[in-house]
S.K.: 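I'd like to ask some things about the structure below.
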Amino acid sequence: MTSTVDPEQAPSHAPFLQCGRHRLDLSFPRVMGILNVTPDSFSDGGRHVALDDALRRAEQMLAEGAAVIDVGGESTRPGADAVPEQQELDRVAPVVEALVRELDALVSVDTSSARVMRESAARGASMINDVRGLERDGALAAAAESCLPVCLMHRQGEPRDMQHAPHYDVPVEQAVADYLAARVSACNAAGINRHQLLLDPGFGFGKSVEHNLRLLNRMRSLDMLGLPLLVGMSRKSMIGKVLGRPVEERLPGGLALSALAVERGAKIVRVHDVGATVDAVTMAWAVLQEGCEPSIHKESLS
């Protein structure tokens, strides 16, 4: 089986992304801070459920250099069950509204729900991040109506079963590229322009440790898609299994993965530990550019 992606037809992405009234500079790599407002996320479940706690955590991440705050109201850890739409909305909407009002933050909403997308956009969210690639009923239409950038992620299966012996009939990087190319085509057909899209290879979503390591090592093959890459490997089990570390001791491994992801073309790195990752990414970028400018510590939103 050959890839459906034609490198000659994939234009390079723009150096910035218009996110509502924010303009996100992607001429250098950025850090996205994870804000889970769920009781059961694998790493920080329950810590930021209260609105004030969520605000203070977001404020800290912004101070540490996060360019985007990604708010999620449904845990997608392996084995997690789906969350009722109203419950997800009740968790997410007040936080999105407060982050925009109180902190003027560029807020991404991590959701697969059309209703949550619409309500979050109405409250000032500037980006949609969907682990299901806008496959749920109504999601394509809701994303198109929002006129916001959308991150499409590759996955195999659903969270409840995705890590039950994942298998691919083709090399994992080819499977990821083909899936994402198909979702980009579906978005284009629904009225979502290419310049509004980002792509996430989906580390840990229906992939073994070997799949994850190969995918990161060969991530440059996804350049043929011609769209900015967002990656999320923070504290994930691939680090624990390689290093034998519990979730609270995975930061050094995560920093190594973030630096490698930047070297392999990632434009946004999604993490829990913002400050340390900003330093690691800035250092990796300085080496790649053979110089220290621009620094991701500098404010580049307008």
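Please read these numbers as outputs of a predicted model, since none were measured by experiment.
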S.K.: Are Leu229 and Asp200 packed together at the side-chain level, in the sense that at least one heavy-atom pair is separated by less than 4.5 angstrom?
M.R.: no
S.K.: Looking at every heavy atom in both Ser126 and His22, which two are closest together, and how far apart are they?
M.R.: OG-CD2, 3.6 Å
S.K.: Does the pair Glu210/Lys241 count as a salt bridge with the N-to-O cut at 4.0 Å?
M.R.: no
S.K.: Is it the case that Ser113 and Glu85 place a side-chain donor and acceptor less than 3.5 Å from each other?
M.R.: yes
S.K.: Is a salt bridge present between Arg56 and Asp53, judged by a nitrogen-to-oxygen distance below 4.0 Å?
M.R.: no
S.K.: Among residues at least two apart in sequence or on other chains, which ones pass side-chain hydrogen bond (donor to acceptor under 3.5 Å, both in side chains) with Gln196?
M.R.: none
S.K.: Exactly one of Thr277, Ile239, Val269 should register a side chain to side chain contact (heavy atoms under 4.5 Å, CB included) with Leu257. Which one does?
M.R.: Ile239
S.K.: Rounded to the nearest 0.5 Å, how far apart are CD of Gln18 and CZ of Arg23?
M.R.: 6.5 Å
S.K.: Considering only NZ, NE, NH1 and NH2 on the basic side and carboxylate oxygens on the acidic side, decide whether Glu88 and Arg91 come within less than 4.0 Å.
M.R.: no
S.K.: Counting N and O atoms only, with roles assigned by atom type, does the side chain of Arg183 sit under 3.5 Å from a partner on the main chain of Leu134, one being a donor and the other an acceptor?
M.R.: yes
S.K.: Within the structure provided, determine whether Val262 and Pro29 are in side-chain contact (heavy-atom separation under 4.5 Å).
M.R.: yes
S.K.: Could you grab the distance from atom CG of Leu198 to atom NZ of Lys267, nearest 0.5 Å is fine?
M.R.: 11.5 Å
S.K.: Any chance you could lay out the side-chain contact (heavy atoms from CB on, under 4.5 Å) test for Val242 and Met238, step after step, and finish with the verdict?
M.R.: CA-CA 6 Å; Val242 170; Met238 62 185 288; 5.6 Å; no
S.K.: If you look at every heavy atom in Arg235 and Arg250, which pair is closest and at what distance?
M.R.: O-NH1, 2.8 Å
S.K.: Going only through I, L, V, M, F, W and Y residues with side-chain contacts under 4.5 Å, is there a path from Leu62 to Val71?
M.R.: yes
S.K.: Starting from Leu255, can I reach Met233 by hopping between I/L/V/M/F/W/Y residues whose side chains sit under 4.5 Å apart?
M.R.: no
S.K.: Determine whether Phe203 and His211 make a side-chain contact, defined as any pair of heavy atoms from C-beta on separated by less than 4.5 Å.
M.R.: no
S.K.: Looking at CG of Asp279 and CE of Met283, how far apart are the two atoms once the value is rounded to the nearest 0.5 Å?
M.R.: 10.0 Å
S.K.: Are Phe16 and Val68 connected in a single hydrophobic cluster, I mean Ile/Leu/Val/Met/Phe/Trp/Tyr linked by side-chain heavy atoms less than 4.5 Å apart?
M.R.: no
S.K.: Report yes or no: do Leu288 and Leu216 belong to one cluster of Ile/Leu/Val/Met/Phe/Trp/Tyr joined by side chain heavy-atom distances under 4.5 Å?
M.R.: yes
S.K.: Out of curiosity, Leu103 CG to Met61 CE, how far, rounded to the nearest 0.5 Å?
M.R.: 10.0 Å
S.K.: Kindly indicate, with the supporting measurements, whether the criterion side-chain contact (heavy atoms from CB on, under 4.5 Å) is fulfilled by Ile128 and Cys151.
M.R.: CA-CA 6 Å; Ile128 295 167; Cys151 182; over 6 Å; no
S.K.: Does a side-chain heavy-atom distance below 4.5 Å link Arg194 with Leu227?
M.R.: yes
S.K.: With the side chain counted from C-beta on, respond yes when Val271 and Ser258 share a heavy-atom pair under 4.5 Å apart, and no when they do not.
M.R.: yes
S.K.: If you draw a 6.0 Å radius around CG in Asp137, do more than 12 non-hydrogen atoms from other residues or ligands fall strictly inside?
M.R.: no
S.K.: At what distance, to the nearest 0.5 angstrom, does CG of Asn129 lie from CG of Leu148?
M.R.: 12.5 Å
S.K.: Of all the heavy-atom pairs spanning Arg214 and Pro171, show the shortest one and how long it is.
M.R.: NH2-CB, 3.6 Å
S.K.: Ion pair present between Arg132 and Glu74, side-chain N to carboxylate O less than 4.0 angstrom?
M.R.: yes
S.K.: Would you check, one step at a time, whether the test side-chain contact (heavy atoms from CB on, under 4.5 Å) holds for Gln156 with Tyr168?
M.R.: CA-CA 9 Å; Gln156 186 184 75; Tyr168 294 88; 3.3 Å; yes
S.K.: Nearest heavy-atom pair of Asn36 and His272: which atoms, and what distance?
M.R.: ND2-NE2, 4.2 Å
S.K.: Between Asn212 (side chain) and Ser208 (backbone), is there a donor-acceptor pair under 3.5 Å?
M.R.: yes
S.K.: Quick check: closest heavy atoms across Arg270 and Ser234, and the distance to 0.1 Å?
M.R.: O-CB, 3.8 Å
S.K.: Would Val176 and Leu199 satisfy side-chain contact (heavy atoms from CB on, under 4.5 Å), going step by step from the backbone distance to the final call?
M.R.: CA-CA 10 Å; Val176 169; Leu199 305 176; over 6 Å; no
S.K.: Is Leu99 close to Leu35 at the side-chain level, that is, under 4.5 Å between some pair of heavy atoms?
M.R.: yes
S.K.: Could you tabulate the donor-acceptor pairs under 3.5 Å formed by side-chain atoms of residues 114-124, not counting sequence neighbours?
M.R.:
unit_1, atom_1, unit_2, atom_2, d
Arg115, NH1, Gln86, OE1, 2.7
Arg115, NH2, Gln86, OE1, 3.0
Arg118, NE, Glu145, OE1, 2.9
Arg118, NH2, Glu145, OE1, 3.3
Arg118, NH2, Glu145, OE2, 3.3
Glu119, OE1, Arg123, NH1, 2.7
Ser120, OG, Val116, O, 2.8
Arg123, NH1, Glu119, O, 3.3

S.K.: Just by distance, do the side chain of Lys207 and the backbone of Gly202 share a donor-acceptor pair under 3.5 Å?
M.R.: yes
S.K.: Under 4.5 Å between any side-chain heavy atoms of Val184 and Asn188, yes or no?
M.R.: yes
S.K.: Let's go through Arg155 and Glu135 carefully: what are the C-alpha distance in whole Å and the side-chain angles of both, what is the deciding distance for salt bridge (charged side-chain N to carboxylate O under 4.0 Å, His left out) to 0.1 Å, and is it a yes or a no?
M.R.: CA-CA 11 Å; Arg155 82 197 188 291; Glu135 287 189 24; 3.6 Å; yes
S.K.: With the side chain counted from C-beta on, respond yes when Leu106 and Leu24 share a heavy-atom pair under 4.5 Å apart, and no when they do not.
M.R.: yes
S.K.: How long is the gap from CD on Gln60 to CD on Glu64, to the nearest 0.5 Å?
M.R.: 4.5 Å
S.K.: Under a 3.5 Å cutoff, is there a donor and acceptor pairing between the side chains of Ser27 and Asp25?
M.R.: yes
S.K.: Can you name the nearest heavy-atom pair linking Leu140 to Ala186, along with the distance?
M.R.: CD2-O, 4.1 Å
S.K.: Do Leu251 and Val274 sit in one hydrophobic cluster, given that two such residues count as connected whenever their side-chain heavy atoms are within less than 4.5 Å of each other, even indirectly?
M.R.: no
S.K.: When you compare the side chains of Asp130 and Ser112, does any donor N or O come within less than 3.5 Å of an acceptor on the partner?
M.R.: yes
